[in-house]
Amino acid sequence: MEAKKMAVIRQTEIADRVFELVLGGEDVLKMQPGQFLMIKPNRQDLLLRRPISIAAYDKERSECTLIYRVEGDGTRQMAQLEAGDSADVLGPLGNGFSVKEDLAGKQVLLVGGGIGVPPLYQLGKELHALGAAVTFVNGFSAKKDIFYEVEMAKFGEVHISTVDGTYGTQGFVTDITNQFDWSPDAVFSCGPRAMLQAVQTSFQEAEVYLSLEERMACGIGACYACVCKGNEAGKQFKVCQDGPVFNANEVKL
Ligand code: FES
């Protein structure tokens, strides 16, 4: 796959160090929820591309939205992109969430943690369009980190936890889901590993899909930086190529 230039349509800071970047280009037509792009920072000395998950896309307008948090030099540089610039992009990459038709009319639970929340937005939108009953449960550290609450509420019920209790339920996503008096038919989750483990343990009766946020270097299966263990003895997966979304039974967290 070749890298391409995508046009920067706009960029906005939507929470503390969290940016929403809208890009335009024909490859939007190929996108699925849960896939990611590898973006090359616009600075000669920053060689590695950064994996950024796709939060939303509009295929009619050929636009996609990425949401990321500034963590280091690469993402700090990306945060300076503005309308009229272009971004050097590889992707869409990886196997995303599949929106199965048999989820129409079913109860689906989408559990996100921090910067793992974005890919669940497009997924929730598509599941809602299919006729599934969507519930989002998003966990953040604090109120200043929260984004997309209003946007997600268009497609389902939204619950929020914060570790410091500055908004929503104090604690973790499981402090919310443990109170539910219903059981989801399917669960989709993306976020830190401890959260994914808690989700995997809490919903053993449901179909559970997890998006792993591994460290990535190449993003295309060439470097083995992102390997994770499978549940079968000796089985390994490359998160960038075999995932990032896996059936929870397949992987050992
Ligand atoms: Fe290089 Fe996955 S990031 S193999």
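In listed order, ligands and their atoms are each counted from 1.
Annotation: side chain to side chain donor-acceptor pair (under 3.5 Å) contacts involving residues 15-24, sequence neighbours excluded, comprise Asp16-Lys144, Glu20-Tyr148. Listed by first then second residue, pairs satisfying ring-ring contact (aromatic ring centres under 6.0 Å, His included) with a partner in residues 225-253 read Phe237-Phe246, not counting sequence neighbours.
At least one cation-pi condition fails for Lys143 and Phe140: the charged atom is not both under 6.0 angstrom from the six-membered ring centre and inside a 45 degree cone around its axis.
In summary, of the residues considered (Asn178, Leu109, Val111), a side chain to side chain contact (heavy atoms under 4.5 Å, CB included) with Val173 occurs for Val111 alone.
The side-chain hydrogen bond (donor to acceptor under 3.5 Å, both in side chains) test applied to Tyr121 returns no partner, not counting sequence neighbours.
Inspection of the environment of atom 1 (Fe) of ligand 1 yields the following protein N, O or S atoms under 2.8 Å: Cys218 SG, Cys223 SG.
Summarising the local packing, NZ of Lys235 is surrounded by 12 or fewer heavy atoms from other residues, nucleotides or ligands at distances under 6.0 Å.
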